[in-house]
Amino acid sequence: NLAARNAAKVHLWAHDPNHAIEMTATGVNARRLPGVPLPANLVPTAALADIANAEAIFLAVPAQAVRQTCLALAEIIGNDVPLVICAKGIERTSGLFLSEVIAEVLPENPGAVLSGPSFAEDVAKGLPTAVTLAARSEDEAAELARTLATPWFRLYHSRDIRGVEIGGAAKNVLAIASGIAAGRGLGASAGAALIARGFAELSRFGRAYGADVATLAGLSGLGDLVLTCTSGQSRNFSFGFALGRGKDIAAARAEGHTTEGVFTAGVLVDLAHRKGIDMPISEAVDAVLAERISIDAAIEALLARPLKSELTQALSNEG
Ligand SMILES: NC(=O)c1ccc[n+]([C@@H]2O[C@H](COP(=O)([O-])OP(=O)(O)OC[C@H]3O[C@@H](n4cnc5c(N)ncnc54)[C@H](O)[C@@H]3O)[C@@H](O)[C@H]2O)c1
Ligand SMILES: O=P(O)(O)OC[C@H](O)CO
């Protein structure tokens, strides 16, 4: 919808052909954003070939489907078309960041990342939102930012692709922890501690993988962490909340929402261990999701960790 305000024509590709048919017939995306009209110049389609001549492509598929989608795109698009990743996650099978997946499958195409605190519903309703768009250069990022900017949707541009994608991936895992804590009734103090200690581990991870600290403290890092860890609008937070309330993992997952943190937790922890980084909260989420530990035992273990110097610890890889 944002792109359609700034371009003559935008194709909205849907993975499920019936979804495209429904949107064309009704002029609304009733499955995802009921009540929000689709602009007349936004053309739903199930035929990927329709976007062969696009000037830019925004990849808003689940993180684990980015490779598959890029492989299909590789058959039809030119080398100069920028691909903007809107998904938030890390590829589980390879341990690659999503920009690395694009670089592997479409090495000539400019890759970019759009991330930051933004619920699709808020953006679609025209509520004020600010996000970060990172590309290979500030100029490229600024040009892509202009394709989405509206009076209520503000984009900061950046060339720290890695930093922006790390924030989006890690915050989903940490939001599950915050949801669990809220569901268990651990209180607002515990919620704030989880955000601060979650940010410490997100920052350790980010620094080790080449992110700029300013990016980690910006919209796509701290900004999105705060949003997702504090709102029931977040699917990751709500999933954690359901677990905290005692729902079993299979039942909570069966609700069918895209809960990216579930897929990212294990690979995030693996990547952290490769660099000798402690991520105690993410490790606890991964262990709970893999049913290696109960929620109560995970909370107890986190609280029982040795007392530490906050300043010394902030500069080390230790959790
Ligand atoms: N919804 C938000 O507010 C929001 C905000 C920022 C980023 N994101 C990110 O966008 C990504 C997509 O999330 P969403 O909210 O659109 O999820 P969603 O569940 O609303 O939609 C996912 C879409 O992907 C399609 N899909 C499923 N499997 C696919 C496949 N193998 N190949 C291609 N498409 C497939 C589904 O048909 C569906 O249309 C996630 O990584 C999410 O973190 C979402
Ligand atoms: O609903 P979530 O948890 O996937 O969060 C959506 C966006 O990433 C928030 O910025």
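Atoms within a ligand are numbered from 1 in the order they appear, just like the ligands themselves.
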Legend entry - For atom 3 (O) of ligand 1, the protein heavy atom that lies nearest, with its residue and separation: Ala120 N, 2.7 Å
Inset, instruction - Check whether any heavy atom of Gln64 sits under 4.0 Å from an atom of ligand 1. - result: no
Inset, instruction - Answer yes or no for Gly116: is there a heavy-atom contact with ligand 2 below 4.0 Å? - result: yes
Inset, instruction - Return the option from Pro62, Ala65, Ala72 holding the heavy atom at the smallest distance from atom 30 (C) of ligand 1. - result: Ala65
Legend entry - Where ligand 2 meets Ser234 - atom numbers and elements under 4.0 angstrom, heavy-atom basis: 1 (O), 2 (P), 3 (O)
Inset, instruction - Check for a donor-acceptor pair, side chain of Glu121 on one end and backbone N or O of Gln233 on the other, with a separation under 3.5 Å. - result: no
Legend entry - Any N or O of Asn172 closer than 3.5 Å to N or O of ligand 1: no
Legend entry - Enumerated ligand 2 atoms positioned under 4.0 Å from heavy atoms of Asp224: 9 (C), 10 (O)
Inset, instruction - Could you check if a side-chain atom of Val123 sits within less than 4.5 angstrom of a side-chain atom of Phe153, using non-hydrogen atoms only? - result: yes
Inset, instruction - Closest by any non-hydrogen atom to atom 20 (O) of ligand 1: pick that one out of His19, Arg32, His15. - result: Arg32
Inset, instruction - Tell me, please: is Ala14 in heavy-atom contact with ligand 1, that is, under 4.0 Å? - result: no
Inset, instruction - Return a yes/no value for Thr258: is any of its N or O atoms, backbone included, closer than 3.5 angstrom to an N or O of ligand 2? - result: no
Inset, instruction - Classify the contact between Glu260 and ligand 1 as side chain, backbone, both or neither, using a heavy-atom distance cut-off of under 4.0 Å. - result: side chain
Legend entry - Numbered atoms and elements of ligand 1 in range of Gln68, under 4.0 angstrom, heavy atoms: 31 (N)
Inset, instruction - Could you tell me whether the side chain of Thr264 reaches within less than 4.5 Å of the side chain of Ser282, counting heavy atoms only? - result: no
Inset, instruction - Identify which of Ser115, Gly89, Ser234, Ser118 has a heavy atom lying nearest to atom 5 (C) of ligand 1. - result: Ser118
Legend entry - ligand 2-proximal atoms of Leu227, by part, heavy-atom distance under 4.0 Å: side chain
Legend entry - Check: Glu100 and Arg162 side chains under 4.5 Å, non-hydrogen atoms: yes
Legend entry - Within reach of ligand 2, part of Thr228 (heavy-atom separation under 4.0 Å): side chain
Inset, instruction - Could you say whether the N/O atoms of Lys171 and ligand 2 ever approach to under 3.5 Å? - result: yes
Inset, instruction - Around atom 10 (O) of ligand 1, find the nearest protein heavy atom and jot down its residue, atom name and distance. - result: Cys86 O, 3.6 Å
Inset, instruction - Taking only heavy atoms of Lys88 into account, list the atoms of ligand 2 that are under 4.0 Å away from them. - result: 7 (C), 8 (O), 9 (C), 10 (O)
Inset, instruction - Check each atom of ligand 1 against the heavy atoms of Phe119 and keep those under 4.0 Å away; list them by number with element. - result: 3 (O)
Legend entry - Glu260 to ligand 2, any heavy atom closer than 4.0 Å: no
Legend entry - Pro117 and ligand 2 - part of the residue with a heavy-atom distance under 4.0 Å: backbone
Legend entry - cation_pi(Arg154, Tyr156) dist<6.0 Å, angle<=45: yes
Legend entry - Polar atom proximity, Thr258 to ligand 1 (N or O, under 3.5 Å): yes
Legend entry - Under-4.0 Å heavy-atom contact with ligand 1, by part of Arg235 that carries it: side chain
Legend entry - Heavy-atom nearest option to atom 16 (O) of ligand 1, drawn from Gly168, Ala87, Ala60: Ala60
Legend entry - Side chain proximity check, Ile57 to Asn109, heavy atoms < 4.5 angstrom: no
